[in-house]
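Remarks on the structure that follows.
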2 protein chains.
Amino acid sequence: METRELRYFVAVAEELHFGRAAERLAMAQPPLSRAIQQLERRLGLLLFHRTARGITLTDAGSVLLLEARTVLDAVEAAERRTRRAADRPGVVLAAKAGASSELLSKLLDAYAAEPGAVAVDVMLCGPGETEGLLRTGRADVALLHRPYDTTAGFDTEDLYSEGQVVVLPAGHALANRPQLSMAEVSALTDPPLPRWPRRDGSYSDGVGPQVRDHTQLTQLITLGRACAVMPESLGAQLRVDHAVVPVPDAPAVTTVIAWQPLTRTKAVADLVRTATRL
Amino acid sequence: METRELRYFVAVAEELHFGRAAERLAMAQPPLSRAIQQLERRLGLLLFHRTARGITLTDAGSVLLLEARTVLDAVEAAERRTRRAADRPGVVLAAKAGASSELLSKLLDAYAAEPGAVAVDVMLCGPGETEGLLRTGRADVALLHRPYDTTAGFDTEDLYSEGQVVVLPAGHALANRPQLSMAEVSALTDPPLPRWPRRDGSYSDGVGPQVRDHTQLTQLITLGRACAVMPESLGAQLRVDHAVVPVPDAPAVTTVIAWQPLTRTKAVADLVRTATRL
DNA sequence: GCCGGCGATACCGCACCGGTATCGGTCCTG
DNA sequence: CAGGACCGATACCGGTGCGGTATCGCCGGC
């Protein structure tokens, strides 16, 4: 199987329409149809159910869609990492904007003091993006936050674990409570909890404001338009003008440093070692 | 980058010789040279240092070698898994021959009793092979043994942890000791410790007999030609005619169940859940 | 019954892949 | 120091196959 074929297949599988897929691939529809047929013939199975009105994925096709995506990610990562190795400008570290800033600065300082330290490009990104950056080789190392980020497929080391708090407007009815339960927090509506985008970028139905990153969330909280559950360290930054109440039964948030398995770079190893020693 | 180019590159990088690589690929040398040149041109960097007497990998080339191998493994896995999804004969579970046999039979029985259980093909293999089987999609799930197997890049759940023992001939001078240290065990020469193959299949220099799998090891121990450190559960099978002495400072061996991250198969999930409940 | 939408088929030209023959440079050897 | 062996690069050529346009077959809706 050639990556070209996999790229074609993923386009068709995602669009479920040969014409649109061909357009996305900047090519005509007939060669695309033929390429998929050839792929099916070589695999000896059908990837799509064809009706005159459209196509759907077969079971085998659904499996190949998942597998093909990981292959294409790996190819992209291979290309990026090879290019980076030729330029040697150092490592790229990805982290969610706004999160773990104290840990991050400590890590960067400590690593810079290591013998043989190379330049570290810090890549700040929105929530949920970090995983993809690491998977496609745009970043070499990342700071992730379990259970918000999924660490499947990466090697990780736990760095720091903390409880969560809920941030409320200063005068809120629950502001003076010593602690709140998740049940109480989930029921909040006055300033409601925000809605985060799903993996595909869409939002669930509901009443809370839609937010895409931590900056937006902070602003909404400051405006008194949202409450939010967040790790202690983030809540601490908002203590002025807000009430911050612990939520003991919320899942603990663990900051981990993650990297692609089988990475053999000295710089990545040094960074991880430095981080675990903090 | 097409997988064909990556296959060519890996062959050349491993042989470090265009002629031999071409032979291995069953093609002539000139098109191979040209393909590599084209790859280098597209990447905008050199993958090999060329001298008139031979070639060596550049830094970028070394990186690409690692990355390309993971890409090719992923492609192979994609093909295998897609084919398997079309046939639907169930899941393939890989395990080291001879190891964890009790755990394995319990797992298979318990899983078979689950509602919605599918057929489980058990694939018994030599030590060190399991990892590759999982990585290339020949197996869906595997029982691995840390720290002997590396679990990098897989999702795992710990199943069972046990100490290690050393197995000695019945009349051995140390046979009556209540326990032994790793230092004492490492110094054994009368029946020496065996030598296991490295990843590439070669053996280190030394005096011990060369073994490839557990059957060979068992036979050598029975013949009084080798001592060996192994998990308690394995040592227990050899208790007749041998002395089995605990080695408390040997690393504990943990049997884990492992699978490829991002696998969404119900059968794999059921197997893992069943295993963790044992 | 006609039209519109979708995927498949037919056919064509050209790029690219792989083959053979050969070159250029370096090291070993007599 | 000349000759040869070895190795990778270059030159050139034929065939495969990829992508393009034109068109068909099929089904549903108006």
Side-chain angles (χ1 to χ4, degrees), chain A residues 1-62 64-65 68 71-72 75 79 86, chain B residues 1-62 64-65 68 71-72 75 79 86:
Chain A
M1 287 196 300
E2 292 305 310
T3 64
R4 183 182 54 85
E5 300 177 296
L6 292 178
R7 266 184 273 268
Y8 289 2
F9 170 74
V10 169
V12 177
E14 284 178 355
E15 299 285 345
L16 287 179
H17 190 292
F18 278 83
R20 282 196 300 273
E23 194 179 349
R24 195 170 112 184
L25 293 165
M27 65 185 290
Q29 169 257 322
L32 180 57
S33 284
R34 221 184 25 197
I36 300 293
Q37 285 176 46
Q38 184 175 323
L39 182 59
E40 289 178 321
R41 211 176 327 121
R42 277 210 270 259
L43 285 169
L45 48 87
L46 286 180
L47 296 168
F48 295 101
H49 293 124
R50 276 110 163 144
T51 77
R53 299 305 286 172
I55 53 175
T56 52
L57 279 168
T58 62
D59 289 347
S62 312
L64 186 58
L65 179 55
V71 168
L72 295 180
V75 169
E79 196 164 331
Chain B
M1 287 197 300
E2 292 304 309
T3 64
R4 183 183 52 86
E5 299 177 297
L6 292 179
R7 265 185 272 269
Y8 289 1
F9 169 74
V10 169
V12 177
E14 284 179 355
E15 299 286 345
L16 286 179
H17 190 292
F18 277 83
R20 280 195 300 274
E23 195 179 348
R24 195 170 110 182
L25 294 165
M27 65 185 291
Q29 168 258 320
L32 180 56
S33 285
R34 218 185 27 196
I36 300 292
Q37 285 175 44
Q38 184 176 324
L39 182 58
E40 288 178 321
R41 210 173 332 117
R42 278 209 270 258
L43 285 170
L45 49 87
L46 287 179
L47 296 168
F48 296 100
H49 293 124
R50 276 109 162 145
T51 77
R53 298 306 286 173
I55 53 176
T56 52
L57 279 169
T58 61
D59 290 346
S62 313
L64 185 58
L65 179 55
V71 168
L72 295 180
V75 169
E79 196 164 331

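Per chain, numbering begins at 1; letters A, B, ... match sequence-line order. All values below were derived from every heavy atom in this structure, side-chain atoms included, with hydrogens, water molecules and symmetry-related copies excluded. Predicted, not measured: the structure shown is a model, and the values here were computed from it.
Separating the NE2 atom of B:His17 from the C1' atom of D:dG8 is a distance of 9 Å, rounded to the nearest angstrom. Atom-to-atom, CZ of A:Arg41 to P of C:dA8 comes out at 12 Å; the value is rounded to the nearest Å. Residue B:Gln38 contributes atom CD, which lies 15 Å from atom C1' of D:dA9 at whole-angstrom precision. Going from atom CG of A:Leu32 over to atom C1' of D:dT21 covers 16 Å, rounded to whole Å. Here D:dC18 presents its C1' atom at 15 Å from CZ of A:Arg7, a figure rounded to the nearest Å. In this entry the distance linking CD1 of B:Ile55 with C1' of D:dG8 reads 9 Å, nearest Å. Computed from coordinates, the A:Arg20 CZ to C:dG7 C1' distance equals 13 Å when rounded to whole Å. Look at CZ on B:Arg42: it is 12 Å from C1' on C:dA15, rounded to the nearest Å.
Within the 4.0 angstrom heavy-atom criterion, no nucleotide atom of any strand lies near A:Phe48. Residue contacts shown for B:Glu5 are absent, as no nucleic acid heavy atom lies under 4.0 Å away. Nucleic acid contact for A:Gln29: base, since at least one base atom lies under 4.0 Å from a heavy atom of the residue. Within 4.0 Å (heavy atoms only), A:Glu2 reaches no atom of the nucleic acid at all.
Candidate nucleotides C:dT9, D:dG20, C:dG19 were compared by shortest atom distance to the side chain of A:Pro30, and C:dT9 ranks first. Considering only the side chain of B:Ala28, C:dT20 comes nearest among C:dA8, C:dT20, D:dT10. Residue B:Arg53 has its side chain nearest to D:dC6 when only D:dC6, D:dT21, D:dG8 are considered. Of the listed nucleotides (C:dG19, D:dT21, D:dG8), D:dT21 has the atom at the smallest distance from the side chain of A:Pro31. The A:Arg50 side chain lies nearest to C:dG7 when the options are D:dG20, C:dG7, C:dT9. Comparing D:dC12, D:dC18, D:dA5 by their closest approach to the side chain of B:Arg34 singles out D:dC12. Relative to the side chain of A:Arg4, the nucleotides D:dG19, C:dA8, C:dG18 differ in distance, and D:dG19 lies closest.
One finds no side-chain N or O of A:Ser33 lying less than 4.0 angstrom from the OP1 or OP2 phosphate oxygen of C:dG7.
In terms of heavy atoms, B:Arg50 sits closest to B:Phe18 at NH2-CZ, 4.1 Å. Smallest separation of non-hydrogen atoms from A:Thr58 and A:Leu46: OG1-O, 2.9 Å.
Counting non-hydrogen atoms of other residues, nucleotides and ligands closer than 6.0 Å to CD of A:Glu15 gives a total above 12.
No side-chain donor-acceptor contact under 3.5 Å links A:Gln29 to the backbone of A:Gly19.
Using a 4.0 Å cut-off between charged side-chain N and carboxylate O, B:Arg7 and A:Glu2 make a salt bridge.
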